2 protein chains.
Amino acid sequence: MPVATRSAPQARRRAAEIIDAAAAVFAERGYHGASTQDIADVLGIRQASLYYYFPSKEAALEQVCMRGVEGFVEQAAATAAGDEPAPEKVRLLVLGHLAPMRDRQPYVRVFLRDRHLLPDESRRRVGRASRRYERIIQGVLEAGVRAGELRADLDCRLATLALLGMCNAAVTWYGAEPGATIERIAEEFAMLVLDGIAPRGARRRGRS
Amino acid sequence: MPVATRSAPQARRRAAEIIDAAAAVFAERGYHGASTQDIADVLGIRQASLYYYFPSKEAALEQVCMRGVEGFVEQAAATAAGDEPAPEKVRLLVLGHLAPMRDRQPYVRVFLRDRHLLPDESRRRVGRASRRYERIIQGVLEAGVRAGELRADLDCRLATLALLGMCNAAVTWYGAEPGATIERIAEEFAMLVLDGIAPRGARRRGRS
DNA sequence: GGCGGATTCTATAACTCTATAGAATTGTGG
DNA sequence: CCACAATTCTATAGAGTTATAGAATCCGCC
């Protein structure tokens with residue numbers, strides 16, 4: 001019965017190439033700035049041929065965004081569940097957040113910039129995932145404060161937003177900053193978040 | 001000779017309203033996602049009437065972006081030239097960077113997201129301004145390190161990028177985070193950057 | 001070698017968007 | 001109240017975009 005000419009793995013690989021091209025084009029020009037013609041050009045096929053692989057441009061964005069988020073929540077949840085001290089967890093969270101920017105930069109970039117353009121249903125779905133992710137990180141910080149492993153007067157909400165903003169920005173310049181590997185960035189960012197840029201002894205907190 | 005019917009101030013005010021509308025629409029939907037029709041709808045006028053105020057949609061983006069950057073370099077240069085200690089300068093830089101997000105959020109938002117869509121010449125101009133801004137901040141950090149006011153082993157380049165990323169992200173959620181005024185955000189972010197989130201004594205640097 | 005599904009192509013409908021041309025309207029200073 | 005510049009309008013050209021229909025081609029397998 002199954003008379004498949006091209007093998008299923010072959011077909012899946014081709015489908016992945018199509019989405020790769022879409023991700024690359026969306027990442028470079030933005031969803032609205034990119035045309036399906038641009039995607040076809042990258043692949044060397046005709047614009048209409050794309051519609052064999054996805055039913056609409058929006059559906060392509062959805063696939064790209066889905067690959068852009070995948071793994072974040074799981075990785076963070078695993079880190080949060082570990083029994084390392086909070087500072088070490090923060091280190092792991094930073095690295096876990098930055099690593100996908102090396103491994104699937106275009107996908108993450110599109111997700112971060114254009115997820116709000118998704119159709120209602122999937123937008124709400126990724127919205128929920130994002131909020132869950134934020135809450136995991138914030139939870140790690142709050143637990144750290146309770147355990148006395150992090151500063152007692154920390155505003156965990158703002159610290160979470162700061163951490164995410166700092167890391168997310170990397171997607172815009174990673175690859176253009178010479179010498180900045182993901183590991184180096186992660187280490188430096190973690191150190192910065194944990195200890196700050198002021199020297200060890202000097203704490204100019206309660207006004208000198 | 002000058003027979004102006006509507007006074008010049010009146011005309012300038014109207015022109016500002018037009019650009020305000022463009023900024024609001026670009027900020028909400030992105031440059032490519034927004035149509036000139038959308039801008040006209042906000043103003044309650046016809047799409048073609050906009051072209052009395054700007055010669056092209058691109059020119060409107062240019063005006064919005066220009067107002068989005070204006071002041072950043074000047075403010076940072078003034079802070080850098082002051083004689084406060086480096087940590088205090090960092091505090092001022094953070095506040096100076098965040099304040100425009102309260103006072104002209106749509107403009108800053110459009111600038112941050114869509115400046116790379118500008119036509120070549122103006123893109124290069126704002127590119128130069130951005131680089132100058134980054135260099136001022138990085139210069140403050142480097143001077144602080146040399147003066148012993150900041151940690152000696154700091155990577156000033158990455159710290160600069162971290163600081164900017166952290167602050168820039170605020171434009172996406174400021175106004176949606178209840179209770180987060182610009183002053184509170186600035187204070188918290190400055191504290192975070194300077195001292196980190198780890199408690200005062202605990203420095204887990206040279207592995208516990 | 002040729003069958004049949006998988007893949008790509010041609011052609012085009014239907015729509016949206018920017019921008020221009022020129023007419024109509026508005027409102028103020030003389 | 002009128003002349004005239006400033007402002008807005010109607011109408012539309014022209015280019016580009018998404019998506020569909022159906023034909024053509026490809027290719028592993030019998």
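Since we're looking at a predicted model, the values are computed, not measured. Every chain is numbered from 1, with letters handed out A, B, ... down the list of sequences.
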field: Between P of dA19(C) and CD1 of Ile45(B), the distance in whole Å
entry: 15 Å

- prompt: Atom CZ of Arg46(A) to atom P of dA19(D): distance rounded to whole Å?
  reply: 19 Å

field: Minimum heavy-atom distance between Gly179(A) and Arg184(A), given as atom pair plus value
entry: O-NE, 3.4 Å

- prompt: Between dT7(D) and Arg14(B), is there an OP1 or OP2 to side-chain N/O distance shorter than 4.0 Å?
  reply: no

- prompt: To the nearest Å, how far apart are Gln10(A) CD and dC29(D) P?
  reply: 10 Å

Donor-acceptor pairs under 3.5 angstrom involving side-chain atoms of residues 58-76 of chain A: please list them, not counting sequence neighbours.
| unit_1 | atom_1 | unit_2 | atom_2 | d |
| --- | --- | --- | --- | --- |
| Glu62(A) | OE1 | Ser122(A) | OG | 3.4 |
| Glu74(A) | OE1 | Gly71(A) | N | 3.3 |

field: Rounded interatomic separation in angstrom, taking CZ from Phe54(B) and P from dA19(C)
entry: 8 Å

field: Length of the CZ-P vector between Arg13(A) and dA6(C), whole Å
entry: 18 Å

- request: Determine whether the side chains of His97(A) and Asn168(A) contain a donor N or O and an acceptor N or O closer than 3.5 Å.
  value: yes

Geometric class of the Tyr31(B)/Phe26(B) ring pair [parallel <30°, tilted 30-60°, perpendicular >60°]: perpendicular

task: Rounded to the nearest angstrom, tell me the gap between atom CD in Glu17(B) and atom P in dT7(D).
output: 12 Å

message: Categorize Tyr53(B) for me: base, sugar-phosphate, or nothing, with a 4.0 angstrom heavy-atom threshold over every strand shown.
response: sugar-phosphate

field: Length of the line joining Arg12(A):CZ and dT7(C):P, which is rounded to integer Å
entry: 12 Å

- request: Would you mind reading off the distance between Ile18(A) atom CD1 and dT7(C) atom C1', rounded to a whole angstrom?
  value: 10 Å

message: Check the orientation of Phe189(B) and Trp173(B). Use parallel for under 30°, tilted for 30 to 60°, and perpendicular for over 60°.
response: perpendicular

Glu142(B) and Gln138(B): side chain donor to acceptor below 3.5 Å: yes

message: Taking 4.0 Å as the cut-off, does a side-chain nitrogen or oxygen of Tyr52(B) come that near to OP1 or OP2 on dT7(D)?
response: yes

I'd like a table of atom pairs between the protein and nucleotides 14-18 of chain D - only N or O on both sides, under 3.5 Å - with the distance next to each one.
| unit_1 | atom_1 | unit_2 | atom_2 | d |
| --- | --- | --- | --- | --- |
| dT18(D) | OP1 | Thr36(A) | N | 3.4 |
| dT18(D) | OP1 | Lys57(A) | NZ | 3.2 |
| dT18(D) | OP2 | Thr36(A) | N | 3.1 |
| dT18(D) | OP2 | Thr36(A) | OG1 | 2.7 |

query: What's the shortest heavy-atom distance between Leu150(A) and Pro199(B), and which atoms?
result: CA-CD, 3.6 Å

